[in-house]
Amino acid sequence: MSDETRLGLDFVRQWVKDDMETGRFSPPVVTRFPPEPNGYLHIGHAKAICLDFGIATEWGGRTNLRFDDTNPVKEDVEYVDSIRQDIQWLGFTWEDREFYASDYFEQLYEWAAFLIKEGLAYVDEQSPEEISQNRGTPTLAGKPSPFRDRPVDINLELFQKMKEGSLPDGAMVLRAKIDMAHPNLNMRDPVMYRIKHAHHHRTGDTWCIYPMYDWAHGQSDAIEGVTHSICTLEFENHRPLYNWFLEQLEIPHPPRQIEFNRLNLSFTMMSKRKLLDLVQKGLVKGWDDPRMPTLTGIRRRGYPPSAIRAFVTAIGVSKTDGMIELSALEYYVREELNRTAPRVMVVLNPLKVVLTNWPVGKVESLPADNNPEDGNAGTRTITFGRELYIEAEDFLEDPPKKFFRLSPGKEVRLKHGYIIACNEVVKNTDGSIAELRCTYDPDSRSGEAGGRKVKGTLHWVHAADCVEAEVRLYSTLFTKRDMGDIEEGKDYTDYLNPESLTTVRALGEPAIRQAKIGLGYQFLRHGYFTPDSEHFSPEVPVFNRTVTLKDTWAKIEKRTEN
RNA sequence: UGGGACGUGGCCAAGUGGUAAGGCAUCGGAUUUUGAUUCCGACAUUCGCAGGUUCAAUUCCUGCCGUCCCAGCCA
């Protein structure tokens, strides 16, 4: 192979390529995405999904969806439904290849019996505590179980008995007979089966013994003809065991496990356990809370799947355990939405403006382009009149230098409308600003040839027809950049951001009533927003802020403060 | 004091013996009826550190340092 073809491939893709070129495997390339149905998928899983499905597609191969349902006490159908939906939303399909580790329980059982007959597995009657105790430590070899060397026929008999159901949970386990002094703890006679009298969401009460991950995973891969079993770094220590089982069973073209770095994102955490905890403690409103890193949360937040895919491609794959800045994700979300999101004007914090030289009762229609980035997006009509609302932050009585928004005696353009000048500030008795009295320049209508230029352009809404909307503004759920590095004595809830959600009553142009769930809209000069999938209606528009626009002015302001 | 893996700019990440791609971020500047977008430009004499081999090392060798993972009948 030439050097050029090597360039740019991440190491996983490179290894797959090498395997196919050296003939370690013959086509097709088969991968699998193996979620445990015990929680919702998050953006870290999106990286794995893009890799698993992406690589197979690149080789004209296929990817199986296989639920790793070997622990009935933690798993539930609620999760399998959400997982299916999330993968599809991300844009991938497994066609009819939806499998379950539990589909293979019978085969696994037979293979286990085979290993017993080969003298490679035994039934252990030690208590869980004893097993743990006798496993040793990283620096101390383990002690062999007193049951380690019992005869094959007794093992077979006991294993049968484990399966039959007369034994209580924990009474005995089946263990692989490898090496109690192995430096890799996973090789110290790992447990293959445990007794659990639990109802399984698929196999019901057929089984009371369930295979452990290590015993089920590689064999399931083998059964499905998987060539490349791609998983995250923490399974590196399991690879010797993965290979050991395959070898003892003499699987002809054993699948190859490849481990890559999982995604860590700043200001968020991916621990399924903690995500569950957030939901159960009511610290967020559910798995689909727009602040959650779950795919369902992100979807409700308005992140387009194409942006997630672009992001995953951009961050790459390696074996370095690092952390990606949130800003990188947000960049790809903005990039997609900038191209596709219709523009609309919404004032989040209204300040009334009266145009004193505009005739009372006169209303003028103005054309407004829907998306300057998209020539096919067309225009809509908005209305303009005597009373308007602008953003309160766009007016300052005593402006700093380079503030090219509105202030007394200054003028700005109202987007798609006219240039106005501020003449008078009307105040309430408490000194706060009640409204602005301004004049408009009749010769400055938007688009008119020879129009004057002013430095600032503001968004606004017409008081006569604007509609009220609830807008939910989100920021990071946590205040700490590295949520994997929590101080002694603290726990992740100590870093919850009290300002992760603020809700405002906003005023928008009438078009926001027609917003479609699942689509993104740019609220001019604010950011990208999407109708809330649960609460939005044309009568009561509710929007979630997906991401803000980049805000250079805010940056400058912040800099001068410090 | 064991084993496995990883250390390239603030964050990712190519490159793996011939003199440091790219993206995000940051900082300038141009354009702009979104302080957005777009566009130009700047941003590692250096690849965890120290030695060694070589005409030449981020790439090879040795030693050291740092980080992550492993002692579930979880996955």
Side-chain angles (χ1 to χ4, degrees), chain A residues 6-10 34-36 38 68 70-71 73-75 124 126-128 131-133 135-142 169-175 182-188 191-196 209-210 212-214 216-217 231-240 259 261 266 272-273 311 313-332 334-335 338-339 343 345 372-373 402-405 412-417 419 444 446-447 451 453-459 481 484 522-527 548-556:
Chain A
R6 288 193 90 99
L7 212 82
L9 282 188
D10 60 65
E36 182 186 15
N38 71 339
D68 221 335
T70 57
N71 188 358
V73 310
K74 288 190 175 178
E75 297 150 8
D124 194 351
Q126 292 182 105
S127 69
I131 288 180
S132 173
Q133 198 63 229
R135 183 153 24 228
T137 69
T139 52
L140 228 182
D169 288 7
M172 38 184 97
V173 292
L174 182 72
R175 289 231 256 173
H182 198 107
N184 181 339
L185 287 304
N186 291 126
M187 299 296 273
R188 319 245 260 226
V191 172
M192 294 168 64
Y193 277 100
R194 73 287 215 192
I195 301 171
K196 272 182 195 285
I209 55 172
Y210 291 93
M212 297 288 288
Y213 165 84
D214 286 305
H217 204 89
C231 62
T232 43
L233 251 28
E234 67 270 28
F235 291 100
E236 256 171 338
N237 295 328
H238 294 249
R239 188 169 4 106
E259 313 85 11
N261 60 345
S266 62
K272 265 184 169 183
R273 207 209 99 238
F311 165 71
T313 301
I315 60 175
V317 182
S318 74
K319 290 176 82 84
T320 315
D321 190 18
M323 183 168 54
I324 307 289
E325 299 289 354
L326 222 210
S327 57
L329 209 208
E330 292 181 333
Y331 172 86
Y332 291 96
R334 289 190 187 104
E335 183 180 68
N338 176 50
R339 287 203 318 271
R343 272 60 170 171
M345 294 200 286
E373 304 291 323
K402 293 204 176 164
F403 180 82
F404 35 91
R405 300 182 185 182
V412 293
R413 171 172 291 285
L414 294 183
K415 179 79 176 176
H416 306 306
I419 290 173
S444 67
S446 187
K453 291 199 187 275
V454 290
K455 191 66 179 157
T457 300
L458 308 184
H459 62 281
R481 181 174 175 277
Q522 185 190 110
F523 288 6
L524 230 61
R525 301 209 304 132
H526 278 301
T548 60
L549 248 28
K550 274 178 66 182
D551 190 347
T552 307
W553 176 244
K555 199 185 290 178
I556 292 166

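Values below: every heavy atom of this structure, side chains too, minus hydrogens, waters and symmetry copies. Order of the sequence lines sets the chain letters (A, B, ...), proteins ahead of strands, with each chain counted from 1.
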With sugar-phosphate meaning primed atoms plus P, OP1 and OP2, does [X] contact a base, only sugar-phosphate, or nothing at under 4.0 Å between heavy atoms?
| X | value |
| --- | --- |
| A/G322 | sugar-phosphate |
| A/R481 | sugar-phosphate |
| A/S132 | sugar-phosphate |
| A/V191 | sugar-phosphate |

List the residues meeting ring pair (Phe, Tyr, Trp, His ring centres under 6.0 Å) with [X], not counting sequence neighbours, and say none if there are none.
| X | result |
| --- | --- |
| A/H182 | none |
| A/F235 | A/Y213, A/H238 |
| A/Y332 | none |

Exercise for review: Take A/T139 and A/R239, find for each the nucleotide of RNA chain B with the closest heavy atom, and name the residue whose nucleotide sits nearer the 5' end.
Suggested key: A/T139
Practice item. In plain terms, say whether A/R239 and A/E259 are close enough for a salt bridge, that is, a side-chain N and a carboxylate O under 4.0 Å apart. Key: yes
Could you tell me the Watson-Crick or G-U partner of [N], where both distances fall under 3.5 Å? Say none if there is no partner.
| N | answer |
| --- | --- |
| B/G2 | B/C70 |
| B/U45 | none |
| B/C39 | B/G29 |

Exercise for review: May I ask you to evaluate whether A/R135 reaches the phosphate of B/G72, defined as a side-chain N or O under 4.0 Å from OP1 or OP2?
Suggested key: yes
Exercise for review: Would you please confirm or rule out a distance under 4.0 Å between OP1 or OP2 of B/C24 and any side-chain N or O of A/Y331?
Suggested key: yes
Practice item. Identify which one of A/D169, A/V173, A/L174 satisfies the side chain to side chain contact (heavy atoms under 4.5 Å, CB included) criterion when paired with A/I195. Key: A/D169
Check your understanding: With respect to the side chain of A/T320, which nucleotide from B/A75, B/A14, B/G7 is positioned closest?
Key -> B/G7
Revision key, fill the gap. Per atom distances to the A/I315 side chain, the nearest of B/G72, B/C11, B/C12 is B/C12
Check your understanding: Are A/S318 and A/N261 linked by a side-chain donor-acceptor pair shorter than 3.5 Å?
Key -> yes
Practice item. Decide whether A/E325 and A/S327 meet the rule of one side-chain donor and one side-chain acceptor closer than 3.5 Å. Key: no
**Study point:** Nucleotide B/U38, atom P - distance to CZ of A/R339 in whole Å
**Key:** 10 Å
Practice item. Take the protein atom CD1 of A/I195 and the nucleotide atom P of B/C73, then report the distance between them rounded to whole Å. Key: 14 Å
Study note, to complete from the structure: Heavy atoms of A/R525 and A/H459 approach each other most closely as NE-ND1, 3.3 Å
Exercise for review: To the nearest 0.5 angstrom, please state how far the CZ atom of A/F523 sits from the CE atom of A/M345.
Suggested key: 12.5 Å
Review point. Taking only residues two or more places apart in sequence or in another chain, which ones pass side chain to side chain donor-acceptor pair (under 3.5 Å) with A/N184?
Key: none
Point to revise | Base orientation of B/G7, syn vs anti, 90° cut from 0 | key: anti
Check your understanding: Where along nucleotides 64-70 of chain B does protein come under 4.0 Å, by heavy atom, of base (B) or sugar-phosphate alone (S), with - for untouched nucleotides?
Key -> ----SBB
Review point. Where along nucleotides 28-37 of chain B does protein come under 4.0 Å, by heavy atom, of base (B) or sugar-phosphate alone (S), with - for untouched nucleotides?
Key: S----BBBBB
